[in-house]
Amino acid sequence: MTRALIVIDVQESFRARPLWEAISDPKIADKVNRLVRLARRAGDLVVWVLHSEPGTGGVFDPALGHVRLLEELERPEAGEPLLHKTSHNAFTTTNLQQLLTERGVRALTVCGIRTEQCVETTARVGSDLGYAVTFVVDATATDPIPHRDAPADRSVAELLADPRTLLADEVIRRTEYALAGRFATIATVDGLEAAADDPA
């Protein structure tokens, strides 16, 4: 086992927010499930990560019950770690690196929510730690990002109507450019499945 699939923050917390209606891929669980099945078939480790903000009273506060995998996702199997993080990346506040080291993992495939935040940050840190990182861009999802000077607590319609808002597809495109050739190899689910099925 030299590769691990890291499934990052594909959790009900995001669906509990109004912004879910503007997420780039509300069916992200379908593509993540394909990656999970691919990893299991190859004998790779699958690591599940959830983001938690205890005591905040928000959707990432475990007390509210949203810090759990999306219902549509495959369930973790025996031996597949489920980690809870409080940082953006999946390493700093978990024992992820120790788990990977113990199992001889040297390559990571990353997917999840949000593209430019926790998934990208995990890819960058993983690369800096010496892992070969594959960023499966279409198995990530994100939201539009408001301009830094935009007022807080606007409706989704107001956010989308603001010409300064960075739309989700633009965020994803920027992330690909920022990571490719520096921190990760960019891949798609279809491409990884085709490579796995190619006998050569």
Side-chain angles (χ1 to χ4, degrees), residues 4-37 39-40 44-100 102-103 105 108-126 129 133 135-146 152-156 159 168 171-172 175 189:
L5 171 66
I6 315 297
V7 179
I8 302 166
D9 302 351
V10 187
Q11 64 192 74
E12 292 291 343
S13 306
F14 287 101
R15 187 149 50 191
R17 302 188 311 166
L19 201 52
W20 180 260
E21 69 181 80
I23 199 162
S24 60
D25 186 1
K27 295 186 176 180
I28 182 177
D30 294 343
K31 288 176 181 166
V32 173
N33 283 339
R34 288 166 62 190
L35 289 179
V36 169
R37 291 191 287 268
R40 287 172 176 166
D44 296 341
L45 176 65
V46 179
V47 180
W48 306 84
V49 182
L50 295 172
H51 187 74
S52 180
E53 298 175 0
T56 61
V59 295
F60 294 97
D61 187 336
L64 273 67
H66 302 301
V67 181
R68 65 184 194 277
L69 297 172
L70 285 181
E71 289 301 321
E72 305 94 318
L73 274 183
E74 298 269 348
R75 299 294 99 180
E77 293 186 348
E80 296 179 352
L82 175 61
L83 308 179
H84 288 76
K85 66 179 178 62
T86 55
S87 59
H88 288 113
N89 77 81
F91 287 95
T92 304
T93 55
T94 71
N95 66 337
L96 176 58
Q97 187 177 8
Q98 178 184 347
L99 287 171
L100 298 176
E102 289 173 349
R103 303 192 189 204
V105 171
L108 307 179
T109 301
V110 297
C111 62
I113 307 173
R114 299 169 51 183
T115 308
E116 82 294 351
Q117 191 163 301
C118 295
V119 188
E120 178 178 344
T121 308
T122 298
R124 287 173 177 264
V125 173
L129 290 172
V133 180
F135 189 92
V136 191
V137 67
D138 62 338
T140 71
T142 196
D143 311 309
I145 300 177
D153 301 324
R154 293 185 303 169
S155 69
V156 174
L159 173 70
V171 176
I172 294 168
T175 300
V189 179

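In this chain, numbering begins with 1 at the start of the sequence shown.
- Between Asp61 and Pro54 the shortest heavy-atom distance is OD1-CA, 4.0 Å.
- The CG atom of Leu73 sits 11.5 Å away from the CZ atom of Arg68 when rounded to the nearest 0.5 Å.
- Here Leu50 contributes atom CG and Leu69 contributes atom CG; the two are 5.0 Å apart, rounded to the nearest 0.5 Å.
- The backbone N or O of Thr121 lies less than 3.5 Å from no partner atom in the side chain of Asn89, so there is not a single donor-acceptor pair.
- Rounding to the nearest 0.5 angstrom, the gap separating the OG1 atom in Thr115 from the CG atom in Asp143 is 9.0 Å.
- Between Glu80 and Arg40 there is a salt bridge, since at least one side-chain N of the basic residue sits less than 4.0 Å from a carboxylate O of the acidic one.
- Note: Arg15 CZ to Ile113 CD1 = 9.0 Å, rounded to the nearest 0.5 Å.
- Here the rule is side-chain contact (heavy atoms from CB on, under 4.5 Å) with Arg114, and of Thr140, Ile23, Thr142 only Thr142 fits it.
- Taken to the nearest 0.5 Å, the NE2 atom of His88 stands 13.5 Å off from the CZ atom of Arg124.
- Considering every non-hydrogen atom in both Ala141 and Ser24, the closest pair reads CA-OG, 3.3 Å.
- Taking each heavy atom of Gly58 and Leu64 in turn, the nearest pair found is O-CD2, 3.5 Å.
- Ser13 places a side-chain N or O within donor-acceptor distance of the main-chain N or O of His66, the cut-off being under 3.5 Å.
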Report task. Could you give me the CA-CA distance, side-chain angles and deciding distance for Leu70 and Glu12, then say whether side chain to side chain contact (heavy atoms under 4.5 Å, CB included) is met? Result -> CA-CA 5 Å; Leu70 285 181; Glu12 292 291 343; 3.6 Å; yes
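- Shown here for Val189 and Asp138, the closest heavy-atom pair between the two residues is N-OD1, 3.0 Å.
- With rounding to the nearest 0.5 angstrom, the CG atom of Leu99 is 10.5 Å from the CD atom of Gln97.
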**Report entry** Working for side chain to side chain contact (heavy atoms under 4.5 Å, CB included), residues Thr175 and Val137
**Finding:** CA-CA 9 Å; Thr175 300; Val137 67; over 6 Å; no
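- Not one N or O on the side chain of Glu72 forms a donor-acceptor pair closer than 3.5 Å with the backbone of Lys27.
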Requested in this report: Output, in order, the C-alpha distance, side-chain angles, deciding distance and verdict of side chain to side chain contact (heavy atoms under 4.5 Å, CB included) for Leu100 and Phe91.
Outcome: CA-CA 10 Å; Leu100 298 176; Phe91 287 95; 4.0 Å; yes
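- Checked options Val10, Ile8, Val7, Leu5; the residue passing with Trp48 is Val7 (criterion: side-chain contact (heavy atoms from CB on, under 4.5 Å)).
- At a threshold of 4.5 Å between non-hydrogen side-chain atoms, the residues Pro146 and Arg154 count as touching.
- Evaluation of the salt bridge (Lys or Arg N to Asp or Glu O under 4.0 Å) test over residues 50-59, restricted to residues two or more places apart or in two chains, returns none.
- Taking the six-membered ring for Trp and thresholds of 30 and 60 degrees, Phe14 and Phe60 have ring planes more than 60 degrees apart, a perpendicular arrangement.
- Counting only distance, with no hydrogens or angles, the side chain of Thr93 and the backbone of Ser87 share a donor-acceptor pair below 3.5 Å.
- Here the shortest heavy-atom pairing between Leu108 and Gly126 reads CD1-CA, 4.4 Å.
- When each of Thr122, Asp9, Thr94, Thr92 is tested with Lys85 by the rule side-chain hydrogen bond (donor to acceptor under 3.5 Å, both in side chains), just one qualifies, namely Asp9.
- Applying the salt bridge (charged side-chain N to carboxylate O under 4.0 Å, His left out) criterion to Arg34, with sequence neighbours excluded, gives Asp190, Glu193.
- Val133 and Val110 get closest at one heavy-atom pair: CG1-CG2, 4.2 Å.
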